[in-house]
*Asks:* 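The structure's right below; bear with me while I get my questions together.
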Amino acid sequence: MSPAPPPPPDSSTAVRLSLAAQPSHGRLPRLIDGAWWPRSYDLTAELPGLLAGLPPAWGQIGSVTVNGASWSACPGRMLVANQVVRLHLTNHPQAPPTICLLAPGRGRWDLLVVAPDSARREAGRLMDGAARGTIAGDGGGRAA
């Protein structure tokens with residue numbers, strides 16, 4: 001198990017996350033619940049910041065699924081905020097650039113992963129589209 005480095009306290013490194021509003025009663029669930037724009041392809045460095053930035057109502061994320069080919073390092077599990085998070089990999093070349101977050105007893109959330117090397121304007125467009133539900137799985141470039 002790889003211990004996760006603590007996220008840096010500098011506010012300029014705050015998680016870049018855009019979440020969709022919850023669907024109103026009677027509507028179908030969303031395919032994408034928002035977007036995440038990590039700063040690098042190092043999952044062990046990026047995941048703690050993402051998990052810390054999620055809404056408390058989502059609970060403790062216990063399992064994460066990513067496209068393993070997109071990240072520089074991806075252990076089978078890691079310690080984040082004194083909790084073991086299991087990491088699952090998909091290695092399919094056409095796997096969508098998403099990260100699937102599972103919280104036991106709470107639910108599942110799928111986030112579009114915007115490639116870290118995306119231009120600010122393109123990343124903003126993708127994050128806004130994912131939060132509004134108009135972009136469902138095309139993160140462009142290399143992403144999880």
Side-chain angles (χ1 to χ4, degrees), residues 1-90 92 95-118 120-144:
M1 175 171 20
S2 298
D10 182 358
S11 64
S12 68
T13 60
V15 66
R16 298 185 293 190
L17 181 65
S18 179
L19 299 177
Q22 293 300 318
S24 62
H25 183 69
R27 291 185 54 195
L28 294 175
R30 295 179 164 278
L31 295 177
I32 293 291
D33 299 293
W36 174 45
W37 185 20
R39 288 179 167 72
S40 75
Y41 291 105
D42 184 351
L43 187 62
T44 60
E46 299 291 337
L47 190 60
L50 171 63
L51 298 183
L54 296 175
W58 287 18
Q60 294 289 322
I61 302 299
S63 178
V64 172
T65 301
V66 297
N67 183 341
S70 299
W71 297 96
S72 62
C74 198
R77 59 186 179 168
M78 58 189 283
L79 191 61
V80 178
N82 294 323
Q83 178 183 346
V84 174
V85 177
R86 299 196 186 289
L87 302 176
H88 305 279
L89 307 177
T90 61
H92 191 277
T98 58
I99 185 167
C100 176
L101 308 167
L102 297 172
R106 294 285 181 107
R108 169 187 170 156
W109 297 271
D110 293 286
L111 301 176
L112 173 73
V113 178
V114 178
D117 51 5
S118 295
R120 183 174 299 279
R121 174 174 270 194
E122 178 66 5
R125 182 188 70 77
L126 291 168
M127 292 181 74
D128 183 54
R132 286 184 292 124
T134 59
I135 295 177
D138 179 7
R142 181 180 166 206

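All figures in this text were calculated on a predicted structure; none of them were measured in a lab. Position 1 is the first residue of the sequence; numbering continues from there.
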*Asks:* Just so I know, are the side chains of Thr65 and Thr90 near enough to count as touching, which here means a heavy-atom distance under 4.5 Å?
*Replies:* yes
*Asks:* Would you compute the distance between atom OG1 of Thr98 and atom CG of Leu31 and round it to the nearest 0.5 angstrom?
*Replies:*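 Between atom OG1 of Thr98 and atom CG of Leu31 there are 11.0 Å.
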*Asks:* Please check this pair: side chain of Arg106 against backbone of Ala57, looking for a donor-acceptor N/O pair closer than 3.5 Å.
*Replies:* yes
*Asks:* With rounding to the nearest 0.5 angstrom, report the CG to CG distance, Leu112 to Asp33.
*Replies:*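 Result: 11.0 Å between the selected atoms.
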*Asks:* Does the side chain of Leu111 reach to within under 4.5 Å of the side chain of Leu19, using non-hydrogen atoms?
*Replies:* yes
*Asks:* Quick check: closest heavy atoms across Ile32 and Ala130, and the distance to 0.1 Å?
*Replies:* CG2-CB, 4.0 Å
*Asks:* For the atom pair CD (Gln83) and CG (Leu51), what is the distance rounded to the nearest 0.5 Å?
*Replies:* 8.5 Å
*Asks:* So, the side chain of Ser72 versus the backbone of Tyr41: is there a donor-acceptor pair under 3.5 Å, distance only?
*Replies:* yes
*Asks:* What distance do His88 atom NE2 and Cys74 atom SG have between them, rounded to the nearest 0.5 Å?
*Replies:* 10.0 Å
*Asks:* Checking Trp109 side chain against Cys100 main chain: does a donor-acceptor pair fall under 3.5 Å?
*Replies:* no
*Asks:* Apply side-chain contact (heavy atoms from CB on, under 4.5 Å) to residues Leu89 and Asn67 and explain how you reach the verdict.
*Replies:* CA-CA 5 Å; Leu89 307 177; Asn67 183 341; over 6 Å; no
*Asks:* Considering all heavy atoms of both residues, which atom of Asp42 and which atom of Thr44 are nearest to each other, and what is their separation?
*Replies:*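 In this case the closest contact between Asp42 and Thr44 is OD1-OG1, 2.7 Å.
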*Asks:* Kindly give the heavy-atom pair with the smallest separation between Gly62 and Pro104, and that separation in Å.
*Replies:*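 Shortest heavy-atom contact: N-CD, 4.1 Å.
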*Asks:* Arg86: which residues meet the side-chain hydrogen bond (donor to acceptor under 3.5 Å, both in side chains) condition with it, sequence neighbours left out?
*Replies:* none
*Asks:* Within the structure provided, determine whether Leu87 and Leu47 are in side-chain contact (heavy-atom separation under 4.5 Å).
*Replies:*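 The answer is yes, as the side chains (C-beta and beyond) meet within the 4.5 Å cut-off.
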*Asks:* Is there a side-chain contact between Leu50 and Ile99 (heavy atoms, below 4.5 Å)?
*Replies:*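 They are in contact (side-chain heavy atoms under 4.5 Å apart), so the answer is yes.
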*Asks:* Supply the atom-to-atom distance Glu122 CD to Trp37 CH2, rounded to the nearest 0.5 angstrom.
*Replies:* 10.0 Å
*Asks:* For Trp71 and Trp36, take the angle between the two ring planes, folded into 0 to 90°, and tell me which bin it lands in: parallel under 30, tilted 30 to 60, perpendicular over 60.
*Replies:*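 Parallel.
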*Asks:* How long is the straight-line distance from CE of Met127 back to CZ of Arg120, given to the nearest 0.5 Å?
*Replies:* 10.5 Å
